[in-house]
Amino acid sequence: MVTIDQVKQLREETAASITDCSHALQEAGGDFAKAKVILKQKGKDLAGKKSCRQALQGIIESYIHPNKKVGVLLELNCETDFVGKSNDFQDLAHQICLQIAAMGMEETPLLEQAWIKDTSKTIKDIIDDYIGKVGENIVVKRFIRYDI
């Protein structure tokens, strides 16, 4: 039997919905590591289903490095203005800007790059996680990096 405290802890660690956390823990027999794998797979499956939906809303995020020698402009799109205004979506845009600023002369496409904060994940993995969290398609429309 899965307790509410276990569900709460998994939700805090993954930001998945309470229902998804409960189902994942039940499926995993209370094992947190297995439940996280189940949630990750569910997020990837959801991202695959959402990828064909149009993402015409979103935001333009900017980042200027403290040394004032690197700057980034990013257009990140989603399906609704509601999600575009959410803190989660804006945080994702900021994290992607940081990645672009840090990538320098990287030749690897952005979505295939290892995330600077956790090299076991790619930028595509991070976006898929957010798609699972907000329930909408998210697309990096375009970006540009300036440096001196």
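Positions are given from 1, in the same order as the sequence printed here.
Under a 4.5 Å side-chain heavy-atom cut-off, the cluster of Ile, Leu, Val, Met, Phe, Trp and Tyr residues that includes Ile38 has no other member. Grouping Ile, Leu, Val, Met, Phe, Trp and Tyr by side-chain contacts under 4.5 Å, direct or through others, puts Leu73 with Ile60, Ile144, Tyr146.
Leu56 and Val140 sit in two unconnected hydrophobic clusters of ILVMFWY residues. Membership requires side-chain heavy atoms under 4.5 Å apart, directly or through other members.
Remark: Glu27 engages no residue in a side chain to side chain donor-acceptor pair (under 3.5 Å) (not counting sequence neighbours). For Asp5, the side-chain contact (heavy atoms from CB on, under 4.5 Å) test picks out Thr3, with sequence neighbours left out. Partners of Thr119 by side-chain contact (heavy atoms from CB on, under 4.5 Å), not counting sequence neighbours, listed by chain and number: Ala114. Every residue meeting the side-chain contact (heavy atoms from CB on, under 4.5 Å) condition with Glu12, not counting sequence neighbours, appears here in chain and number order: Lys8. Applying the side chain to side chain donor-acceptor pair (under 3.5 Å) rule to Glu61 yields no partners; only residues at least two apart in sequence or on another chain are considered. Scored by the side chain to side chain donor-acceptor pair (under 3.5 Å) test, His65 finds Tyr63 as partners (sequence neighbours excluded). By the side chain to side chain donor-acceptor pair (under 3.5 Å) test, Arg11 pairs with no residue at all, sequence neighbours left out. Asn87 meets the side-chain contact (heavy atoms from CB on, under 4.5 Å) test with no other residue; sequence neighbours excluded. Every salt bridge (Lys or Arg N to Asp or Glu O under 4.0 Å) that Lys85 has, sequence neighbours left out, goes to Asp81.
Comment: Lys133 does not engage Asp129 in a salt bridge, judged by the lack of any side-chain N to carboxylate O separation of less than 4.0 angstrom.
Arg145 places a side-chain N or O within donor-acceptor distance of the main-chain N or O of Ala101, the cut-off being under 3.5 Å.
Closest approach of Asn67 and Lys69 over heavy atoms only: OD1-N, 2.7 Å. Considering every non-hydrogen atom in both Lys68 and Ile148, the closest pair reads O-CD1, 4.5 Å.
The side chain to side chain contact (heavy atoms under 4.5 Å, CB included) test with Tyr130 is passed by exactly one of Leu76, Leu92, Asp125: Leu92. Checking each of Leu74, Asp91, Val72 against Ile96 for a side chain to side chain contact (heavy atoms under 4.5 Å, CB included) leaves exactly one that passes, namely Leu74.
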Anything under 3.5 Å between a donor and an acceptor, one on a side chain of residues 29-37, the other on a protein residue two or more places apart or in another chain? List them.
{"residue": "Asp31", "atom": "OD1", "partner": "Ala33", "partner atom": "N", "Å": "2.9"}
{"residue": "Asp31", "atom": "OD1", "partner": "Lys34", "partner atom": "N", "Å": "3.2"}
{"residue": "Lys36", "atom": "NZ", "partner": "Glu13", "partner atom": "OE1", "Å": "2.7"}

Let me see the working for Gln113 and Thr122 under side-chain hydrogen bond (donor to acceptor under 3.5 Å, both in side chains), right down to the final yes or no. CA-CA 5 Å; Gln113 290 178 15; Thr122 65; over 6 Å; no
Go through the steps for Gln57 and Val83 under the test side chain to side chain contact (heavy atoms under 4.5 Å, CB included), then give the verdict. CA-CA 9 Å; Gln57 297 295 316; Val83 167; over 6 Å; no
